[in-house]
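The first residue in the sequence is number 1, and the count goes up from there.
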Amino acid sequence: APRCTSFQLLWFSLDSCAWKQIARWPFLTELLLETCAGLDAEADLATASFTPLLARLDKLSLWAYHKRPLDSVLCGARRLRSVTLNLQAFTQLSSTMPLSRVQINAASVIACLATIPTLEQLALYEMSTPDSQGLEAELQALAQGCALTSFKVAECLALSDESIGLFSLCPSLTTMDWGAR
């Protein structure tokens, strides 16, 4: 396993000891956590043991989330080429307890992603914005500051036509999928 370059978990949970072991794998560049709603409270992706791994990741797919803000995780990942943040209802902590649902502020996450110049592919699902006007500056920074070739938004970011038009500033963009409720 230490020679592993890609690690994917589906419907699984790991404790902090396991995360520390995975973070030590020197060749790991792709981390895909899909529907891992039961992440151990100590198995935090933003801990010091995980920082070296985040710094070398090329691809990150999170279909899971716990209460730590996503931007604290993403801002440490400077080499990312591909990011998927899929935070659909069934991946949340508990569908039977509405107060356990986490509201992801898209503005802070996109502001962080816009600082990653290597970012080529971005897919966002189920994020919220309290104010679509406040998001336009972050989207403009994303369109101008990254090497995006593919941008997908689904079930979130209900924006104006002008907001979508900001991506005309992105010369490398070849694919754009925009879906909303």
Side-chain angles (χ1 to χ4, degrees), residues 4-9 22-23 25-36 44-47 50-66 68-88 91 102-129 131-160 162-180:
C4 182
T5 60
S6 180
F7 187 65
Q8 182 172 3
L9 288 179
I22 293 166
W25 295 354
F27 300 104
L28 190 61
T29 58
E30 293 185 8
L31 181 61
L32 310 162
L33 303 178
E34 299 185 3
T35 320
C36 296
D44 190 345
L45 294 178
T47 60
F50 227 73
T51 304
L53 173 60
L54 290 172
R56 70 175 182 270
L57 284 181
D58 292 328
K59 184 175 185 178
L60 177 64
S61 178
L62 293 178
W63 292 29
Y65 187 71
H66 60 96
R68 178 63 71 88
L70 275 175
D71 47 2
S72 65
V73 173
L74 296 172
C75 287
R78 306 302 305 157
R79 287 183 34 171
L80 283 173
R81 290 183 303 107
S82 176
V83 174
T84 299
L85 301 176
N86 189 335
L87 305 167
Q88 296 180 32
T91 69
V102 177
Q103 293 296 317
I104 308 300
N105 184 338
S108 64
V109 170
I110 291 174
C112 186
L113 291 170
T115 66
I116 305 172
T118 56
L119 190 59
E120 296 173 5
Q121 299 173 340
L122 178 59
L124 302 174
Y125 300 81
E126 294 221 13
M127 301 179 98
S128 63
T129 49
D131 173 20
S132 64
Q133 296 297 325
L135 186 59
E136 289 191 14
E138 285 81 4
L139 287 173
Q140 184 172 357
L142 180 70
Q144 291 178 322
C146 299
L148 285 180
T149 58
S150 174
F151 184 57
K152 179 176 184 172
V153 174
E155 300 299 324
C156 66
L157 305 184
L159 300 173
S160 64
E162 293 82 28
S163 298
I164 296 172
L166 292 171
F167 285 90
S168 65
L169 303 171
C170 187
S172 56
L173 191 63
T174 58
T175 304
M176 187 170 182
D177 296 321
W178 203 285

(Q) If I take atom NZ from residue K59 and atom CG from residue L31, how far apart are they, to the nearest 0.5 angstrom? (A) 11.0 Å

Q. Which heavy atom in L173 sits nearest to a heavy atom in S150, and how many Å separate them?
A. CD1-N, 3.8 Å

Q: Of all the heavy-atom pairs spanning L148 and C170, show the shortest one and how long it is.
A: O-SG, 3.7 Å

Q) Within a strict 4.5 Å, meaning less than it, do heavy atoms of the L142 and L119 side chains meet? A) yes

Q | From SG (C112) to CD (E138), nearest 0.5 Å | A | 11.5 Å

Q.
Please report the interatomic distance OG1(T118) to CZ(R79), rounded to the nearest 0.5 Å.
A. 8.0 Å

Q: Decide side chain to side chain contact (heavy atoms under 4.5 Å, CB included) for R78 and L54; before the verdict, give the C-alpha distance in whole Å, the side-chain angles of both, and the deciding distance to 0.1 Å.
A: CA-CA 8 Å; R78 306 302 305 157; L54 290 172; over 6 Å; no

Q) Hey, does I116 have a side-chain heavy atom less than 4.5 Å from the side chain of R81? A) no

Q | Distance, nearest 0.5 Å, that separates CD of Q8 from CG of L32 | A | 5.0 Å

(Q) Below 30° counts as parallel, above 60° as perpendicular, anything between as tilted: where do the rings of F7 and W25 land? (A) perpendicular

Q: Could you please spell out the steps behind the side chain to side chain contact (heavy atoms under 4.5 Å, CB included) verdict for T149 and Q121?
A: CA-CA 6 Å; T149 58; Q121 299 173 340; 4.1 Å; yes

(Q) Measuring from atom CG of D58 to atom OG of S6, what distance do you get when rounded to the nearest 0.5 angstrom? (A) 10.5 Å

(Q) According to salt bridge (Lys or Arg N to Asp or Glu O under 4.0 Å), who are the partners of R56, at least two apart in sequence or on a separate chain? (A) none

Q. To the nearest 0.5 Å, how far apart are CG in L28 and CD in E30?
A. 8.5 Å

